[in-house]
Amino acid sequence: MINALETPAIFITSMGRTGTQFLGHKMSQMIDDCTSVHEPDVLWLDRPNEWYKKINEHGIIRMTLGRFKTCYSLRALNIARQSGNITDSQIIIYLKQLRIGILENLKSGIYLEANAQVRGLIDLLPSAFPNSRIVYIIRDPRFWVQSRMNMTISFYSRCDVMSWFKNSRLKPYHFEGDSYEKRWRKMSQFEKLCWAWSRETSYSLECIRKTDTVKVIRFEDLFHEKTRDETFTQMLQFITTFPNGFKANWQYKPALLSKKVHSTAKGKFPEWTKWSDDRVKQVYRHCRGLMEQFNYGIEPEWQDKIHS
């Protein structure tokens with residue numbers, strides 16, 4: 001009998017707001033014999049239509065109070081690891097436990113999971129799932145922050161329930177010596193998001209450097225009309241060639257990209273061209289290095305703003 005943990009598995013992760021829900025729902029239509037899902041064990045409060053199915057599959061404890069325990073929650077594992085409160089070997093054990101049930105009951109030959117909550121566990125996924133491929137999607141922080149600010153319930157906002165509880169949303173106190181810990185309470189939601197993008201993206205890239213099973217893709221290249229065909233094709237070629245030599249059949253279907261799957265944005269928060277000098281400086285302060293590394297912020301207008 002084949003070990004379920006050796007099932008050909010694909011993980012697509014990011015900081016969120018990068019089309020992961022689209023990819024989770026639609027990739028099975030491009031890859032033969034593939035089941036694709038988006039955050040299968042996360043109970044979103046604004047998606048009550050999913051509650052019954054997820055609670056039935058994973059149990060009410062795991063889907064509610066269990067979200068605060070590392071043995072039940074990828075989000076909790078991600079935070080615990082970045083704050084140094086759990087060993088890598090224990091994380092690998094939990095990763096196997098959290099997905100073995102899904103893989104054992106899989107009705108296809110390939111499993112694809114789009115999940116932002118494994119972004120800090122990237123280098124450990126191959127140890128738990130040896131026949132896996134991983135994609136990390138990075139997005140320009142200016143548009144990522146704008147998208148987060150436009151969500152109905154955004155990270156670090158007053159309505160963000162997860163921010164009320166310790167170890168439920170990443171904050172400076174999780175990192176020894178973080179220079180923003182003392183002034184965190186005085187920081188605006190906007191600046192907190194800038195801090196989070198920089199801190200978590202940096203950590204994900206550190207994890208990526210430890211394994212060769214990951215492909216980093218810019219969100220803009222994946223979904224921009226001029227570059228998406230080539231980028232999507234390269235991604236499909238990568239994720240369907242597995243470590244054990246198996247190659248899955250796939251077919252790129254650009255028509256699917258024109259169908260927007262999900263958006264919680266109200267659209268009221270402006271784009272960066274209309275930001276105040278203070279907001280521009282906050283993005284520059286937190287995100288400058290990574291923006292330069294991924295060729296973000298090269299527009300003359302942005303350069304004028306940061307040097308004015």
Side-chain angles (χ1 to χ4, degrees), residues 4-5 7-25 27 35-44 54 58 62-63 66-103 106 110-139 144 155 162 167-170 174 196-197 199-217 219 235 238-239 242-243:
L5 294 171
T7 299
I10 302 164
F11 294 93
I12 301 176
T13 189
S14 68
M15 277 288 292
R17 313 310 297 168
T18 55
T20 48
Q21 187 170 175
F22 165 82
L23 296 168
H25 289 311
M27 291 302 285
T35 295
S36 61
V37 296
H38 173 255
E39 299 186 355
D41 53 358
V42 176
L43 206 63
W44 289 92
K54 289 188 174 183
H58 302 291
R62 177 173 166 184
M63 298 304 297
R67 308 312 299 163
F68 297 96
K69 300 186 66 175
T70 52
C71 60
Y72 289 130
S73 169
L74 290 172
R75 175 193 49 75
L77 275 179
N78 181 40
I79 293 175
R81 189 192 191 197
Q82 293 196 56
S83 57
N85 292 328
I86 192 171
T87 64
D88 287 354
S89 59
Q90 185 61 64
I91 292 174
I92 293 169
I93 292 173
Y94 285 154
L95 284 172
K96 293 177 180 180
Q97 292 175 349
L98 287 169
R99 289 296 174 265
I100 187 64
I102 294 176
L103 296 175
L106 197 66
I110 302 169
Y111 176 69
L112 185 150
E113 178 176 327
N115 195 329
Q117 299 188 5
V118 299
R119 59 184 175 269
L121 313 173
I122 290 173
D123 56 317
L124 304 183
L125 291 172
S127 296
F129 315 103
N131 203 23
S132 60
R133 280 284 184 252
I134 307 161
V135 168
Y136 179 79
I137 302 174
I138 187 171
R139 187 178 186 181
W144 182 85
F155 288 3
M162 298 306 293
N167 299 326
S168 294
R169 188 75 74 207
L170 202 68
H174 289 112
W197 185 91
R199 170 62 78 171
E200 296 214 52
T201 301
S202 296
Y203 191 85
S204 295
L205 293 173
E206 288 179 17
C207 295
I208 289 168
R209 286 190 282 270
K210 299 176 183 178
T211 177
D212 59 0
T213 62
V214 185
K215 185 175 183 65
V216 179
I217 299 175
F219 169 86
M235 180 180 73
F238 174 77
I239 62 178
F242 296 92

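From His38, atom NE2 reaches atom CG of Leu23 across 9.0 Å, with rounding to the nearest 0.5 Å. In this structure, the separation between CD1 on Ile93 and CG on Leu98 is 12.0 Å, given to the nearest 0.5 Å. For the atom pair Ile217 CD1 and Ile138 CD1, the distance stands at 12.0 Å (nearest 0.5 Å). For the atom pair NZ of Lys215 and CD1 of Ile12, the computed distance is 12.5 Å after rounding to the nearest 0.5 Å. The line from CG of Leu95 to CG of Leu5 is 10.0 Å long, rounded to the nearest 0.5 Å. Here Asn167 contributes atom CG and Arg75 contributes atom CZ; the two are 9.0 Å apart, rounded to the nearest 0.5 Å.
Judged by distance alone, with hydrogens and angles left aside, the side-chain atoms of Thr211 form a donor-acceptor pair with the main-chain N or O of Thr213 at under 3.5 Å. Side-chain N or O atoms of Thr70 include none that pairs as donor or acceptor with a backbone N or O of Ala76 at under 3.5 Å. The backbone N or O of Arg139 lies less than 3.5 Å from a partner atom in the side chain of Trp197, making a donor-acceptor pair. Proximity of a side-chain donor or acceptor of Ser132 to a complementary backbone N or O of Ile10 within less than 3.5 Å is not detected. For Arg81 (side chain) and Ile91 (main-chain N/O), no donor-acceptor pair under 3.5 Å exists by modelled atom type.
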Decide yes or no on side-chain contact (heavy atoms from CB on, under 4.5 Å) for Phe219 and Ser14, but give the supporting numbers first. CA-CA 9 Å; Phe219 169 86; Ser14 68; over 6 Å; no
What do the steps show when you test Asp41 against Ile102 for side-chain contact (heavy atoms from CB on, under 4.5 Å), and what is the final call? CA-CA 10 Å; Asp41 53 358; Ile102 294 176; 5.9 Å; no
Given Glu113 and Leu125, is the side-chain contact (heavy atoms from CB on, under 4.5 Å) satisfied, shown in steps? CA-CA 12 Å; Glu113 178 176 327; Leu125 291 172; over 6 Å; no
What's the verdict on side-chain contact (heavy atoms from CB on, under 4.5 Å) for Leu112 and Ile110, showing C-alpha distance, side-chain angles and the deciding distance? CA-CA 7 Å; Leu112 185 150; Ile110 302 169; 5.5 Å; no
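Within the 4.5 Å cutoff, the side chain of Arg99 has heavy atoms near those of the Pro40 side chain. Looking only at side-chain heavy atoms (C-beta outward), Asp123 and Glu206 stay at 4.5 Å or farther from each other. Inter-residue side-chain proximity for Tyr136 and Met15 is flagged as met; some heavy-atom pair is nearer than 4.5 Å. Using a 4.5 Å cut-off on side-chain heavy atoms (C-beta onward), Met235 and Ile137 make no contact. No side-chain heavy atom of Ile122 sits less than 4.5 Å from a side-chain heavy atom of Tyr203.
Considering every non-hydrogen atom in both Met27 and Ile239, the closest pair reads CE-CD1, 3.9 Å. What you find for Ala116 and Gly16 is that their closest heavy atoms are CB-N, 3.9 Å. Pairing each heavy atom of Ser204 with each of Gly120, the nearest pair is OG-N, 4.4 Å. The shortest heavy-atom contact between Ile134 and Phe238 is O-CE2, 3.3 Å. Taking each heavy atom of Gln97 and Ile100 in turn, the nearest pair found is O-CG2, 3.5 Å.
Take Glu200 and apply the salt bridge (Lys or Arg N to Asp or Glu O under 4.0 Å) test, not counting sequence neighbours, and it matches Arg119. For Phe129, the ring pair (Phe, Tyr, Trp, His ring centres under 6.0 Å) partners are Phe11, not counting sequence neighbours. The side chain to side chain contact (heavy atoms under 4.5 Å, CB included) test applied to Ser127 returns Ile92, not counting sequence neighbours.
In Lys69, the NZ atom is not crowded: 12 or fewer heavy atoms of neighbouring residues, nucleotides or ligands sit closer than 6.0 Å. Few gaps surround CZ on Phe242; more than 12 heavy atoms of other groups in view lie less than 6.0 Å from it.
Donor-acceptor pairing under 3.5 Å is lacking for the side chains of Asn85 and His174.
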